[in-house]
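These notes concern the structure reproduced below.
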There are 2 protein chains.
Amino acid sequence: MVDVANRAGVSLKTVSRVVNNEPNVQPDLIERVLAAVAELGFRRNHLASSLRSGQASATIGLLIEEIANPFYATIAGTAAEVVRQHDMMLIIASSEEDPARERQLLRDMCARRVDGLLVVPAGYDHSFLRTEVELGTPVVFLDRPAGGLAADTVLLDNRGGARAGVRRLVEAGHRRIGILLDSVGIHTMRERLDGAYDVLAPAGAPYDTRLVRDGIRDPAAAARTVADLLDRPDPPTAFFSLNNRITVGVIEELCRRGSDAALLGFDDFDLARLVPYPLTVIAYDTHELARVATELLFRRIEGDRSLPRTVVLPTELVARGAPPR
Amino acid sequence: MVDVANRAGVSLKTVSRVVNNEPNVQPDLIERVLAAVAELGFRRNHLASSLRSGQASATIGLLIEEIANPFYATIAGTAAEVVRQHDMMLIIASSEEDPARERQLLRDMCARRVDGLLVVPAGYDHSFLRTEVELGTPVVFLDRPAGGLAADTVLLDNRGGARAGVRRLVEAGHRRIGILLDSVGIHTMRERLDGAYDVLAPAGAPYDTRLVRDGIRDPAAAARTVADLLDRPDPPTAFFSLNNRITVGVIEELCRRGSDAALLGFDDFDLARLVPYPLTVIAYDTHELARVATELLFRRIEGDRSLPRTVVLPTELVARGAPPR
DNA sequence: ACCGATCTTGACAACGTTGTCTTCGAGGAT
DNA sequence: ATCCTCGAAGACAACGTTGTCAAGATCGGT
């Protein structure tokens with residue numbers, strides 16, 4: 001910037017004014033400065049700028065579990081869109097469900113003086129963020145609640161969705177329902193499981209360890225589990241898979257066997273219309289989840305100091321898949 | 001940091017040394033400083049740090065077309081992983097295939113003094129990056145070549161893959177092949193189309209406008225186009241869809257009609273095993289694409305000054321999908 | 001011709017850190 | 001005892017920018 005000033009024969013400050021489109025600079029000076037900027041290939045140093053002018057780095061931090069997962073990719077895409085509308089940049093990092101890593105990444109983002117944080121929590125204790133929040137970095141949690149910190153949160157109605165879906169299975173007469181899930185350690189999974197038993201227990205099908213299978217991380221494991229359940233003497237007449245990765249494996253095994261078990265899955269998925277098996281999915285609007293959270297964050301950034309609020313977005317039952325041909 | 005120094009009764013510089021784990025500080029001073037840091041909730045300002053200590057912000061910029069697209073999400077995930085191994089952060093932005101936006105975003109990333117750029121190009125002219133590159137910000141392009149700038153590039157063998165796939169169709173006797181693509185404006189699409197005609201033309205099936213359909217942006221459009229082609233007097237006996245979004249629509253329509261046309265698709269997809277239609281896909285390793293590009297970038301950041309190189313990754317033919325039941 | 005208001009420009013300090021240099025003192029070799 | 005080296009700590013400037021303030025120029029109104 002000093003070089004530009006010399007080249008244009010003006011002061012440092014005048015260059016700063018021109019570069020930032022501040023008013024009250026003579027047109028001919030503006031022109032000279034812009035010419036010098038072009039000749040010297042000057043680029044404003046955004047770091048120095050935000051260091052001087054307060055703490056705003058025009059950056060939002062987004063912490064998710066895993067970027068490559070379509071659910072989080074959709075969140076990232078929507079967040080990026082809203083962030084862009086505010087002329088800011090987005091830093092994205094994955095916690096990979098590791099609380100220690102989550103903590104480190106969030107600290108690092110704060111060290112970079114992000115203007116706000118969007119977090120899908122991996123851990124159960126986010127009190128370490130309290131200092132940052134008090135110092136003025138707003139945080140919005142999405143998809144899962146935070147632990148030990150009062151903050152804005154946007155959730156899906158996991159329990160209600162599971163209730164509605166399982167109710168439909170029960171109304172169709174199903175009582176032995178195999179339930180497959182990723183990990184009870186994850187809040188959303190617990191909520192979905194609880195929702196299922198909100199309906200199953202009163203219908204005379206109390207919690208049954210043999211029908212609930214935890215720790216299923218990929219479609220292959222889901223397929224094996226379905227095979228195992230169907231080979232038992234008293235096989236389930238229906239399955240409830242608690243995320244879409246599991247649903248894929250379940251469908252695979254049911255198709256392979258030509259089974260006619262009913263299938264309910266949490267999470268919609270893109271290629272559902274190609275699936276050769278009739279299923280009901282509990283769908284929700286991932287874009288909306290991210291949009292609401294990001295807009296909430298920007299309201300905070302713009303100075304909204306009201307009490308933290310929690311928004312719960314509805315889910316919807318949708319019939320998907322074609323009957324096998 | 002001044003406050004911490006006062007609190008600990010040491011100088012500013014000593015705090016800096018402790019915070020950065022520099023050697024030659026007395027253990028008792030280290031302890032006092034760390035205590036003060038904890039009491040005051042001190043957080044090192046990463047912006048100020050990188051402003052002073054050179055230009056490194058420990059940040060990599062990734063520019064892709066669309067975050068929510070699984071292909072780019074996979075790239076982002078892999079890049080994030082490698083970047084994390086280097087203790088850096090990743091800024092991600094979407095150009096949405098808009099060259100002007102691409103340019104603006106890249107400039108903005110440079111203004112934030114990223115240590116390097118990973119770019120899936122949207123435009124055809126990247127000469128505006130030359131200054132940055134010369135000033136020491138390395139750039140690696142992936143999936144598509146850059147325009148007007150000599151830089152490292154990692155590509156897929158689009159043309160070779162298309163050739164291999166179409167060769168298989170031709171060997172099976174197909175000559176009337178409907179080809180569906182997104183946009184000839186995109187480099188990868190042109191390469192795939194050229195690859196197809198590398199094989200088709202010598203086999204006596206020269207370029208036929210009626211069989212090549214451009215501008216197909218979503219599965220529904222693909223389905224309509226397939227319907228249209230099949231309703232012609234001389235319908236194609238096979239289809240080649242140039243990306244996976246199109247493949248989905250093609251399968252949908254072929255299933256609906258109970259057609260037995262052969263199908264070749266560029267891009268593998270996740271749920272391919274559930275698809276009730278036999279198809280061959282031209283697959284490739286997206287992780288590898290991103291990994292190679294990111295590692296190339298870090299070699300440049302670490303000072304590799306050799307001539308820019310272009311890496312072309314192979315594709316593979318894979319049989320997918322089940323025959324309709 | 002004079003005054004105040006407004007516009008234009010620049011000098012200077014400051015943002016929070018770290019690189020460089022200096023100072024001071026202790027320890028070892030002669 | 002003297003010299004040299006090395007370790008520990010701090011003073012100070014600098015990174016590239018912008019906020020603040022002051023100075024000078026211009027202008028309209030009296």
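So you know, we letter chains A, B, ... as the sequences are listed, proteins then strands, and number each from 1.
What separates CG of L12(B) from P of dA9(D) is a distance of 15 Å, to the nearest Å. With rounding to whole Å, M1(B) atom CE is found 18 Å from dA14(C) atom P. Between Q26(B) atom CD and dG25(C) atom C1' there is a gap of 11 Å when expressed in whole angstrom units. Per the geometry, CG belonging to L51(A) stands 12 Å off P belonging to dG19(D), to the nearest Å. Rounded to whole Å, atom C1' of dT17(C) lies 15 Å from atom CZ of R112(A). Atom pair N45(B):CG and dC15(D):P shows a separation of 18 Å (rounding to whole Å applied). Distance CG (L47(B)) to C1' (dA14(D)): 17 Å, rounded to an integer number of Å. Here the P atom of nucleotide dA11(C) and the CZ atom of R17(A) are 11 Å apart, to the nearest Å.
Between F298(A) and H86(A), the ring-plane angle classifies as parallel under the 30° and 60° cut-offs.
In this model, no side-chain donor or acceptor of R52(B) finds a partner on the base of dG16(D) within 3.5 Å. No N or O donor and acceptor, one from the side chain of R43(A) and one from the base of dG16(D), sit under 3.5 Å apart.
Between S49(B) and dT17(C) there is no side-chain polar atom (N or O) within less than 4.0 angstrom of OP1 or OP2. Contact annotation: N24(A) side-chain N/O to dC7(C) OP1/OP2 distance is not under 4.0 Å. Between dT9(C) and T14(A), no contact under 4.0 Å exists linking OP1 or OP2 to a side-chain N or O. An OP1 or OP2 oxygen of dT18(C) is reached within less than 4.0 angstrom by a side-chain nitrogen or oxygen of R44(B).
Nucleic acid contact for V2(A): none, since no nucleic acid atom lies under 4.0 Å from a heavy atom of the residue. No engagement by V19(A) is indicated, since no non-hydrogen atom pair under 4.0 Å with the nucleic acid exists.
Using a 4.0 Å cut-off between charged nitrogen and carboxylate oxygen, R144(A) and E65(A) count as a salt-bridge pair. Checked for salt-bridge contact, E295(B) and R299(B) miss the test: no charged N lies under 4.0 Å from a carboxylate O.
Position along DNA chain C of the nearest nucleotide to L29(A) versus S16(B) favours L29(A) as the more 5'-ward residue. Along DNA chain D, the nucleotide nearest S53(A) and the nucleotide nearest K13(B) are compared for position; the residue whose nucleotide lies closer to the 5' end is K13(B).
A donor and an acceptor atom, one from each side chain of S50(A) and R113(A), are nowhere located under 3.5 Å apart.
Smallest separation of non-hydrogen atoms from L307(B) and R300(B): O-NH2, 3.0 Å.
Across dA11(C), dT18(C), dA11(D), the shortest atom-to-atom separation from the side chain of N20(B) is found for dT18(C).
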